[in-house]
Chemist: 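This is the structure I want to talk about, given as C-alpha cells.
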Amino acid sequence: RYHAADTPVIVLEEDGPFRIEMVARNAYTCPDTAVYADTMLFKGLYVPNAFSPENPGQGARRFKPVGRALASYHARVFDLKGNLLWESRALNESGEPAEGWDGTFRGAPMPQGVYVWKISARFSDGTVWQGESVGRGSDSPGQTYGTVVLIR
C-alpha cells in the first residue's frame, strides 16, 4: 500500500555518481528491490548583458560569462561591423571561464555602446551548450550569440 507521506525525497549536493535503492514489501513482507544508478553533474553557462569597466563592483567591471563543468569554451566579442575585439578559451580547473573582456581593444578603451558576443562550449559530460534561453519557452532552443552593452 502506498502512502503519499512515504514519498522519498533525494537531495544531491555535489557532482558524482549516486545510487538509489528502494525496497518495497507486500502484505506478506516479501521484499522487492529497485536500483537506480546515475551520475549527477551540475553544469551551466550564463552570459551577462551589460558591464561597466569603471563600476565600483568588481563583478560588473568585465564582460565575463559565468559557468561550471565546461570541458571546452570559446568566447568572442565583436563590434557592430564584425571586427573581432576579444576572445578567450581559458577555463580554470573547475571548468569555469577564467578571463573576461575589459572593454578595450589593443589597449584602447572602446566607446560606450552595444557589442556582439558569440560562444561555443561543451560540458564535461560531452553535451553541447545550447545557448541562452531567457525569455523563450523551455522547449525553444537558446542562442549561442547575443549582445552586451558596454557602459562608460
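Computed from a predicted structure; not experimentally measured.
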Chemist: Are Pro53 and Thr104 close enough that some pair of their side-chain heavy atoms sits under 4.5 Å apart?
Modeler: no
Chemist: Is there side-chain contact between Phe18 and Tyr36, with heavy atoms separated by less than 4.5 Å?
Modeler: yes
Chemist: How close do Pro97 and Val66 get, heavy atom to heavy atom, and via which atoms?
Modeler: CD-C, 4.4 Å
Chemist: Measuring only between side-chain heavy atoms, which start at C-beta, is Pro65 closer than 4.5 Å to Tyr46?
Modeler: no
Chemist: If you round to the nearest 0.5 Å, how far is CG of Asn55 from CZ of Arg62?
Modeler: 13.0 Å
Chemist: If you compare all heavy atoms of Arg25 against all heavy atoms of Pro31, which two are closest, and at what distance to 0.1 Å?
Modeler: NH1-CB, 3.4 Å
Chemist: As a quick check of understanding, evaluate side chain to side chain contact (heavy atoms under 4.5 Å, CB included) for Thr147 and Val114, giving each step before the final call.
Modeler: CA-CA 6 Å; Thr147 58; Val114 177; 3.8 Å; yes
Chemist: Which residues satisfy the side-chain contact (heavy atoms from CB on, under 4.5 Å) test with Thr127, sequence neighbours excluded?
Modeler: Lys43, Phe123, Asp125
Chemist: Listed by chain and number, what are the side-chain contact (heavy atoms from CB on, under 4.5 Å) partners of Thr33, not counting sequence neighbours?
Modeler: Glu21, Val23, Val35
Chemist: Please find the pair of heavy atoms, one from Arg152 and one from Pro109, that lie closest to each other, and give the distance.
Modeler: NH2-CB, 3.5 Å
Chemist: Among the clusters formed by ILVMFWY side chains lying less than 4.5 Å apart, do Trp129 and Val116 turn up in the same one?
Modeler: no
Chemist: For Leu150 and Pro111, which heavy atoms make the closest approach, and how far apart are they?
Modeler: CD2-O, 3.4 Å
Chemist: Begin with the C-alpha distance, continue with both residues' side-chain angles, and end with the deciding distance and a verdict on side chain to side chain contact (heavy atoms under 4.5 Å, CB included) for Phe51 and Trp101.
Modeler: CA-CA 9 Å; Phe51 74 108; Trp101 180 47; 3.5 Å; yes
Chemist: Distance-only, no hydrogens or angles: does the Glu96 side chain make a donor-acceptor pair with backbone N or O of Arg68 under 3.5 Å?
Modeler: no
Chemist: Could you tell me the separation between the CH2 atom of Trp117 and the CD atom of Gln143, rounded to the nearest 0.5 Å?
Modeler: 7.5 Å
Chemist: How would you list, by chain and number, every residue that makes a side chain to side chain donor-acceptor pair (under 3.5 Å) with Ser88, sequence neighbours excluded?
Modeler: Glu99
Chemist: Is there a side-chain contact between Asn49 and Val148 (heavy atoms, below 4.5 Å)?
Modeler: no
Chemist: side-chain contact (heavy atoms from CB on, under 4.5 Å) with Ala24: which residues, sequence neighbours excluded?
Modeler: none
Chemist: Do Tyr115 and Leu80 touch side chain to side chain, with heavy atoms closer than 4.5 Å?
Modeler: no
Chemist: Heavy-atom distance under 4.5 Å between the side chains of Pro48 and Phe63, does that happen here?
Modeler: yes
Chemist: If every non-hydrogen atom of Ala75 is compared with every non-hydrogen atom of Trp86, which pair is closest and at what distance?
Modeler: CB-CZ3, 4.0 Å
Chemist: Restricting to salt bridge (Lys or Arg N to Asp or Glu O under 4.0 Å), what partner residues turn up for Arg89, sequence neighbours left out?
Modeler: none
Chemist: With sequence neighbours left out, what residues match Arg76 under side-chain contact (heavy atoms from CB on, under 4.5 Å)?
Modeler: His74, Phe78, Leu84, Glu87, Lys118
Chemist: Would you mind reporting whether Asp102 and Arg61 have side-chain heavy atoms less than 4.5 Å apart?
Modeler: no
Chemist: I'd like to know if the side chain of Gln130 reaches the main chain of Val128, judged simply by a donor and an acceptor atom lying under 3.5 Å from each other, with no hydrogens or angles considered.
Modeler: yes
Chemist: Can you confirm whether Leu70 sits close enough to Leu45 that some side-chain heavy atom of one is under 4.5 Å from a side-chain heavy atom of the other?
Modeler: yes
